[in-house]
Amino acid sequence: QVQLVESGGGLVQPGGSLRLSCAASGSRPSINVMGWYRQAPGKQRERVAIITSDGITNTANSVKGRFTISREKNTVFLQMNSLKTEDTAVYYCRVEGFGWVNWGQGTQVTVSS
């Protein structure tokens, strides 16, 4: 099993920044892909950004240039700059290995003045 501990969510004004982190621990084999997804009220969960074990990243067009995903061993970060009200959502960490996937419990990000 892999345990995921997310942190860094909160309330921020438009134009502000937040940094999310997700630390994975446990006895599972190597993690291949780590990523962040988000779900706003009344909307489907969408992928925000992912990063592979080789450091290859993929970022959604809606956040490209504002959000940056990075990874240090089994911890993944999401640096969110120039936040907009439409970025308000619950953000979920997702980790994937060969044949398994784990999700974090989610952390609320609210962008409001």
Side-chain angles (χ1 to χ4, degrees):
Q1 283 288 356
V2 171
Q3 291 77 44
L4 302 176
V5 178
E6 300 169 345
S7 61
L11 172 64
V12 64
Q13 292 186 341
S17 298
L18 283 175
R19 188 187 195 216
L20 305 182
S21 65
C22 173
S25 62
S27 59
R28 279 284 192 175
S30 298
I31 295 172
N32 293 334
V33 182
M34 303 185 82
W36 291 96
Y37 290 66
R38 68 184 182 185
Q39 188 166 18
K43 294 188 177 181
Q44 289 189 330
R45 190 172 297 188
E46 63 175 355
R47 188 169 75 182
V48 177
I50 60 171
I51 184 167
T52 71
S53 56
D54 295 328
I56 298 170
T57 63
N58 185 283
T59 306
N61 287 334
S62 58
V63 303
K64 199 166 288 185
R66 301 188 296 120
F67 290 12
T68 303
I69 190 169
S70 61
R71 176 175 175 175
E72 188 174 305
K73 293 184 180 179
N74 284 341
T75 299
V76 63
F77 305 95
L78 185 68
Q79 178 66 43
M80 305 185 292
N81 298 327
S82 302
L83 282 160
K84 305 176 181 180
T85 55
E86 52 262 44
D87 294 320
T88 295
V90 178
Y91 284 70
Y92 297 90
C93 174
R94 179 185 186 273
V95 297
E96 177 183 337
F98 288 112
W100 61 270
V101 172
N102 268 37
W103 290 88
Q105 78 281 3
T107 184
Q108 176 70 46
V109 171
T110 302
V111 185
S112 174
S113 55

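Ring geometry, Trp103 versus Tyr92: the interplanar angle exceeds 60°, so the pair is classed perpendicular (tilted spans 30 to 60°).
Transitive grouping of hydrophobic side chains (ILVMFWY, heavy atoms separated by less than 4.5 Å) brings Val101 and Val33 into a common cluster. In the hydrophobic clustering of ILVMFWY residues, with side-chain heavy atoms under 4.5 Å counting as a link, Phe67 and Ile50 come out apart.
Across all their heavy atoms, Ser113 and Pro14 have their closest contact at N-CD, 3.7 Å. The shortest heavy-atom contact between Met34 and Cys22 is CE-O, 4.2 Å. In plain terms, the two heavy atoms of Leu78 and Ala49 that are nearest each other are CD1-CB, 4.4 Å. The two atoms that bring Ile31 and Ala24 nearest to each other are CD1-CB, 3.7 Å, heavy atoms only. The two residues Leu18 and Leu83 come nearest to each other via the heavy atoms N-CD1, 3.9 Å.
Here Thr59 contributes atom OG1 and Arg47 contributes atom CZ; the two are 9.0 Å apart, rounded to the nearest 0.5 Å. Here the straight-line distance linking atom OG of Ser25 with atom NZ of Lys73 works out to 14.0 Å at 0.5 Å rounding. Between Asn74 atom CG and Ser30 atom OG the span is 8.0 Å, to the nearest 0.5 Å. Distance check: Arg94 CZ to Trp36 CH2 gives 13.5 Å after rounding to the nearest 0.5 Å. Note: Gln108 CD to Leu11 CG = 9.5 Å, rounded to the nearest 0.5 Å.
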Inset, instruction - List the steps, then state whether side chain to side chain contact (heavy atoms under 4.5 Å, CB included) holds for Thr75 with Phe77. - result: CA-CA 7 Å; Thr75 299; Phe77 305 95; 3.5 Å; yes

Inset, instruction - Take Arg38 and Val63, measure what side chain to side chain contact (heavy atoms under 4.5 Å, CB included) needs, and give me the verdict at the end. - result: CA-CA 12 Å; Arg38 68 184 182 185; Val63 303; 3.9 Å; yes

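Partners of Arg71 by salt bridge (Lys or Arg N to Asp or Glu O under 4.0 Å), not counting sequence neighbours: none found.
Paired with Ser17 under the rule side chain to side chain contact (heavy atoms under 4.5 Å, CB included), one option of Met80, Gln79, Arg66 passes, and it is Gln79.
Counting only heavy atoms from C-beta outward, the side chains of Thr88 and Ser112 never approach each other to under 4.5 Å.
Counting heavy-atom neighbours within 6.0 Å of Glu86 CD, excluding the residue itself, gives a total above 12.
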